[in-house]
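Input: a single structure, listed below in structure tokens.
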Amino acid sequence: MAENISFEDVTGKRCEVPIDITDYKEAGLQKISLSQLYANKFPTAENSPSAFQQFCAASGIRVRPDHKRGIPASTMHEILHGGTNKYMGSIIRPDGSGRQSTSGRLLYPEVMLQLIEGTLRDNKEDYLTPWESAIALRYSVSSPRVDQPTIDVTAPEGSAASPIAQGSEPDVMVSISLSERAYKVPTKSIGLTITDEALQATTIDLVGITLAAQARGERIRRIETDMGNIINGDVDSGVAATPFALASSFTTEVINATTPITQRVFVKWLRANYQRMTVTHILVMLTHCWM
Amino acid sequence: MDVEARSGKPTVLNDTTLRSNILDPKYTVENMGLPTPQVLLLPTAIVGAGQLIGFDSDAALHEITNVSASYSAVENFVMRRTTDMRFDFGISLVKLWDGAFTGLTMGA
């Protein structure tokens with residue numbers, strides 16, 4: 001079931017290309033999302049919308065309402081039963097053959113996935129916002145199985161940089177290798193069903209918010225569980241436990257239950273690994289903080 | 001409480017800024033390398049009693065987000081024109097580099 005859909009290509013020329021349900025399969029095989037697949041197959045000019053954005057516009061999928069022009073977001077009825085393009089009209093041919101287009105239905109799953117992915121990635125909530133700045137690297141995949149690279153800098157850390165003769169190879173190398181086991185991102189599933197009566201009243205942005213709210217709660221749970229594995233170690237994933245130094249190793253002062261930490265210990269601990277790292281974040285339970 | 005009430009913490013009681021009769025030349029340490037760490041709270045089950053864990057946000061954590069729809073779900077939705085749809089999503093936080101973490105056991 002191919003649909004012809006038009007977009008403006010990289011040269012600014014308008015052309016019509018077929019999109020098909022099997023595009024999802026092709027994207028899955030390449031481990032990329034549908035929108036990434038279209039971006040690869042149908043490149044567009046640098047400052048113009050991506051092919052996927054143009055396809056959505058051409059199919060009349062309006063993810064957000066356009067208050068300025070008085071156009072509401074697409075209802076689920078328009079997406080599921082055609083007629084998404086009644087405001088746009090660009091894809092309806094003079095003989096009216098484009099009216100029953102399924103392109104809205106075809107592109108809808110990817111639109112929803114992007115909404116959920118966006119919510120998982122950027123969050124403005126109190127709890128999650130500080131975590132945003134704490135994460136060094138972030139990427140999105142479209143498959144639950146990922147290969148996690150292991151970085152080994154033991155060699156450069158262990159030996160100070162040594163003088164090197166011209167043309168010779170460096171003594172120490174940072175090694176980046178793939179871990180022996182592929183890592184599996186624990187995956188949850190959200191089922192969505194909308195009754196016939198609700199189809200007209202339900203808009204695509206409302207559905208997006210509902211699905212994203214579910215995903216947000218999952219993110220908080222995952223952060224806490226995964227931090228547990230990172231701190232305490234996880235044999236299954238080959239993660240070593242975080243090493244702990246005793247407070248008494250930083251001072252000759254008496255350290256006990258009454259005086260668990262002193263100013264000297266705190267400052268020395270923060271500075272202990274200054275050649276390797278800067279302590280930008282501290283994880284602690286509530287009672288050790290200010291209560 | 002423990003970190004905030006650490007013994008020897010500079011307080012207003014030993015602040016001589018406003019007491020000009022006391023000879024107290026001021027100096028600053030420029031390369032101490034101490035930023036202002038942001039404290040993130042975690043449940044007791046994850047960070048134990050008496051533990052502080054510090055990490056460097058530049059190299060510590062890697063977040064992987066998987067958002068996908070199984071092909072069969074999409075196919076059903078598009079070809080059979082069902083009103084049901086299934087979306088799969090997962091998120092995982094993994095350790096990027098062991099050296100970006102350091103722990104402190106208080107009270108021992």
Side-chain angles (χ1 to χ4, degrees), chain A residues 21 24-25 28 105-106 109 113 116-117 120 134-138 140-142 144 146 151 185-187 189-194 215 219 222-223 226-228 230-231 239-240 242 244 246-247 257 259-263 266 269-270 273-274 276-286 288 290, chain B residues 1-4 6-9 33-35 37-44 46-47 52-69 71 74-75 78-79 83-108:
Chain A
I21 175 73
Y24 277 97
K25 191 179 260 178
R105 198 179 258 272
L106 193 65
L113 293 174
I116 299 172
E117 200 258 330
L120 286 173
I135 294 167
L137 191 64
R138 182 177 282 128
S140 298
V141 294
S142 55
V146 288
I151 302 172
V185 179
T187 300
S189 202
I190 312 177
L192 172 72
T193 181
I194 302 171
R219 186 177 183 203
R222 283 311 316 170
I223 282 181
D226 290 343
M227 283 313 296
I230 287 169
I231 294 165
V239 178
T242 301
F244 279 83
L246 296 179
T259 313
I261 183 170
T262 63
Q263 168 75 358
F266 192 52
W269 172 66
L270 285 175
N273 301 305
Y274 72 94
R276 189 184 74 202
M277 64 176 284
T278 301
V279 178
T280 59
H281 290 75
I282 293 178
L283 303 169
V284 69
M285 60 191 265
L286 188 58
H288 283 312
W290 289 278
Chain B
M1 178 185 265
D2 295 326
V3 178
E4 188 61 9
R6 63 190 181 272
S7 92
K9 182 192 168 197
L34 292 182
Q38 296 179 25
V39 173
L40 300 173
L41 299 176
L42 282 174
T44 316
I46 294 166
V47 184
L52 290 184
I53 294 113
F55 67 89
D56 187 340
S57 63
D58 281 349
L61 298 170
H62 180 189
E63 188 180 70
I64 302 165
T65 310
N66 162 39
V67 180
S68 59
Y71 178 70
V74 177
E75 192 180 35
V78 177
M79 305 295 277
T83 53
D84 302 324
M85 181 61 207
R86 199 192 90 182
F87 301 97
D88 297 335
F89 71 94
I91 190 159
S92 205
L93 206 56
V94 294
K95 191 188 272 188
L96 195 58
W97 180 38
D98 282 334
F101 285 86
T102 176
L104 178 73
T105 303
M106 294 186 289

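Chain letters run A, B, ... following the sequence lines, proteins first, then strands; residues in each count from 1.
- In this structure, CD1 on Ile135(A) lies 13.0 Å from CG on Asp58(B), to the nearest 0.5 angstrom.
- The greatest number of non-hydrogen atom pairs below 4.5 Å with chain A, out of Val47(B), Thr44(B), Leu93(B), is found for Leu93(B).
- From Ile53(B), atom CD1 reaches atom CZ of Phe244(A) across 4.0 Å, with rounding to the nearest 0.5 Å.
- Between Arg276(A) and Phe101(B), the closest heavy-atom pair is NH2-O, 3.7 Å.
- Arg6(B) contributes no side-chain N or O that, together with a main-chain N or O of Phe266(A), makes up a donor-acceptor pair within less than 3.5 Å.
- Between the Ser57(B) side chain and the Thr280(A) main chain, no donor and acceptor come within less than 3.5 Å of each other.
- The greatest number of non-hydrogen atom pairs below 4.5 Å with chain A, out of Ala100(B), Ala60(B), Pro37(B), is found for Pro37(B).
- Both the backbone and the side chain of Tyr24(A) come within less than 4.5 Å of a heavy atom of chain B.
- With sequence neighbours excluded, no residue forms a side-chain hydrogen bond (donor to acceptor under 3.5 Å, both in side chains) with Thr259(A).
- Options Ile230(A), Leu246(A), Val185(A) differ in how many heavy-atom pairs under 4.5 Å they form with chain B, and the most are formed by Ile230(A).
- Taking the side chain as every heavy atom from C-beta outward, Ile46(B) and Leu283(A) never approach each other to under 4.5 Å.
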List the steps and the verdict of side-chain contact (heavy atoms from CB on, under 4.5 Å) for Met106(B) and Trp269(A).
-> CA-CA 11 Å; Met106(B) 294 186 289; Trp269(A) 172 66; over 6 Å; no
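- Only the backbone of Ala59(B) comes within contact range of chain A, with heavy atoms under 4.5 Å apart.
- When all heavy atoms are compared, the tightest approach of Ala134(A) to Leu40(B) is CB-CD1, 4.3 Å.
- When each of His281(A), Met227(A), Arg222(A), Lys25(A) is checked for heavy-atom pairs under 4.5 Å with chain B, His281(A) comes out on top.
- Note that the CG atom of Leu41(B) and the CD1 atom of Ile282(A) stand 11.5 Å from one another [nearest 0.5 Å].
- In terms of heavy-atom proximity, Gly107(B) sits nearest to Ala247(A) at N-CB, 4.4 Å.
- For Ile231(A), the part sitting under 4.5 Å from any heavy atom of chain B is the side chain, from C-beta outward, and nothing else.
- To the nearest 0.5 Å, atoms CD1 (Ile91(B)) and CD1 (Ile223(A)) are separated by 6.5 Å.
- When each of Leu113(A), Thr242(A), Leu270(A), Thr193(A) is scored by its heavy-atom pairs under 4.5 Å with chain B, the top score falls to Leu113(A).
- Each of Val279(A), Val239(A), Asn273(A) has some count of heavy-atom pairs under 4.5 Å with chain B, and the biggest count is that of Val279(A).
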